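Counting convention: from 1, in listed order, for ligands and their atoms alike. Note that the structure is predicted; figures quoted are calculated from it, not measured. Hydrogens, waters and symmetry mates are skipped; everything else that's a heavy atom, side chains included, is used.
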Amino acid sequence: PAAVITIDGPTASGKGTVAHRVAKALGWAVLDSGALYRLTALAAIKQGVAADDEPGVARVAETLDVRFDGPHVYLSGVDVGHDIRREEVGNFASRVAAFPGVRRALLERQRAFRLPPGLVADGRDMGTVVFPDASLKVFLVADVVARAERRRKQLIEKGISANLDDLLRDMRERDARDTERATAPLAPAADAHVLDSSNLTIAETVQAILDFWQQ
Ligand code: C5P
């Protein structure tokens, strides 16, 4: 099978940006697995399925009609690249990601991204569940205040004002849900390199991962 580098970690740890840059440096494809959970959430919201309706949301995940095309993401033919980034969608995604039926429905979809010459997969359980045989596993961490500040900067760049205390509370809730859930809780794989990016720039974080790969 094709080579895989997994990059897991908590929300706003910079995984997405770092994964894209590592993939670009190697000429590989990238899988943003969080987008699949967000797409499931958005589709459920659109279909009026409640976040506590486990079989209902699992069915939405099983029948998800999605297409990735470069930076674009289509849900049933509609470009939803912006919609899936909304905080409301992220929160809904974080809740339904705890459902085993949802995780099961998305498993093979994620594995299908593994094609030559290689894949950089970012998420929560890429190294533990989806690609346990990955060639390199990175667990990216950053202090919660650093992550809340990064998220606020991102939102401000999009013209959205956000309160740091609200973001911090939200992030702690999301961390708790990700780490405390019974199915695929957020934790580094036994063979993962744990990398703390609190005091690293994006370029330094990318270089650290490329150095691991070349070792
Ligand atoms: O990474 P992102 O914030 O886009 O992911 C949205 C939500 O999907 C996360 O809060 C997390 O609970 C869930 N998720 C997951 N497993 C993954 C990727 C994301 O449970 N591999």
Side-chain angles (χ1 to χ4, degrees), residues 4-20 22-23 30-45 51-52 54 57-58 60-61 64 66 68 71 73 75 80-114 119-132 134 137-142 144 147-148 150-152 154-155 158 160 162 167-189 192 197:
V4 182
I5 295 176
T6 60
I7 305 180
D8 289 305
T11 190
S13 56
K15 299 180 307 284
T17 311
V18 167
H20 275 92
V22 170
V30 64
L31 165 63
D32 169 8
S33 63
L36 287 171
Y37 289 89
R38 288 171 180 271
L39 285 158
T40 301
L42 182 63
I45 293 167
D52 59 0
E54 177 162 3
V57 182
V60 170
L64 209 56
V66 298
F68 289 89
V73 193
L75 177 63
V80 292
H82 287 291
D83 279 355
I84 61 166
R85 297 292 145 206
R86 286 178 3 227
E87 288 296 301
E88 173 210 359
V89 177
N91 278 322
F92 193 113
S94 143
R95 292 180 61 187
V96 304
F99 298 151
V102 170
R103 306 201 70 84
R104 211 176 309 121
L106 298 179
L107 190 59
E108 289 311 317
R109 251 181 225 272
Q110 296 173 81
R111 290 186 174 152
F113 282 82
R114 184 178 198 167
L119 176 69
V120 180
D122 103 62
R124 305 291 189 288
D125 62 341
M126 297 298 99
T128 48
V129 176
V130 182
F131 303 109
K137 300 178 184 179
V138 176
F139 195 79
L140 200 58
V141 296
V144 71
R147 289 188 282 128
R150 282 180 197 164
R151 175 63 50 89
R152 192 159 78 108
Q154 280 175 356
L155 290 171
K158 287 190 224 160
I160 304 166
L167 287 175
L168 263 173
R169 194 197 47 223
D170 215 67
M171 212 156 275
R172 290 197 170 107
E173 276 174 21
R174 217 179 278 193
D175 283 354
R177 275 201 295 268
D178 281 344
T179 53
E180 287 161 18
R181 69 180 173 225
T183 312
L186 176 67
S197 74

Fill in: Nearest neighbour of atom 1 (O) of ligand 1 from the list M126, R124, R151, on a heavy-atom basis
R124
Worksheet, complete the sentence: for atom 11 (C) of ligand 1, nearest protein heavy atom and its distance come out as D178 OD1, 3.4 Å
Discussion item. Is the shortest side-chain heavy-atom distance between E87 and I160 below 4.5 Å?
Written reply: no
Worksheet item: Can you find an N or O of Q110 that's nearer than 3.5 Å to an N or O of ligand 1?
Response: no
Worksheet entry | Atoms of ligand 1 close to A97 [distance to a heavy atom under 4.0 angstrom, numbered from 1] | 12 (O), 13 (C), 20 (O)
Fill in: Contact atoms of ligand 1, heavy-atom distance to R174 under 4.0 Å
10 (O)
Fill in: Gap separating the CZ atom of R114 from the CG atom of L31, nearest 0.5 angstrom
12.0 Å
Worksheet entry | Atoms in ligand 1 with a heavy atom of S94 nearer than 4.0 Å | 10 (O), 12 (O)
Item to complete: Using the test ring-ring contact (aromatic ring centres under 6.0 Å, His included), find all partners of F68 that sit at least two apart in sequence or belong to another chain.
Response: F113
Worksheet item: Are R152 and D170 within salt-bridge range, i.e. N to O under 4.0 Å?
Response: no
Worksheet entry | Protein residue, atom and distance nearest to atom 16 (N) of ligand 1, heavy-atom basis | R103 NH2, 3.0 Å
Please table the atom pairs, donor to acceptor, closer than 3.5 Å between any side-chain atom in residues 98-105 and protein atoms at least two apart or in another chain.
residue : atom : partner : partner atom : Å
R103    : NH1  : A97     : O            : 2.8
R103    : NH2  : Y37     : OH           : 3.2
R103    : NH2  : D125    : OD1          : 3.4
R103    : NH2  : D125    : OD2          : 2.9

Worksheet item: Step by step, would you call R177 with N91 a side chain to side chain contact (heavy atoms under 4.5 Å, CB included)?
Response: CA-CA 10 Å; R177 275 201 295 268; N91 278 322; 3.8 Å; yes
Worksheet item: atom 6 (C) of ligand 1: which protein heavy atom is closest, and how many Å away?
Response: R38 NE, 3.8 Å
Worksheet, complete the sentence: Among non-hydrogen protein atoms, atom 5 (O) of ligand 1 lies closest to G34 CA, 3.5 Å
Fill in: Nearest-0.5 Å distance that lies between atom OG1 in T17 and atom CD in Q154
6.5 Å
Discussion item. What's the separation between atom OG1 in T128 and atom CG in D8, rounded to the nearest 0.5 Å?
Written reply: 6.0 Å
Fill in: Heavy atom of the protein closest to atom 7 (C) of ligand 1 (residue, atom name, distance)
A93 CB, 4.0 Å
Discussion item. To the nearest 0.5 Å, what is the distance between CD1 on I45 and CZ on R38?
Written reply: 10.5 Å
Practice prompt. Could you tell me whether ligand 1 has any atom less than 4.0 Å away from a heavy atom of R95?
Written response: no
Worksheet item: Any side-chain heavy-atom pair from D175 and E180 closer than 4.5 angstrom?
Response: no
Discussion item. Starting from atom 18 (C) of ligand 1, what is the nearest protein heavy atom, named by residue and atom, and what distance separates them?
Written reply: S33 OG, 3.5 Å
Worksheet item: Hey, is ligand 1 close enough to D125 that some N/O pair sits below 3.5 Å?
Response: yes
Worksheet item: Numbering the atoms of ligand 1 from 1, which are under 4.0 Å from a heavy atom of R181?
Response: 12 (O), 15 (C), 20 (O)
Item to complete: Return the residue, atom name and 0.1 Å-rounded distance of the protein heavy atom closest to atom 8 (O) of ligand 1.
Response: Y37 CB, 3.4 Å
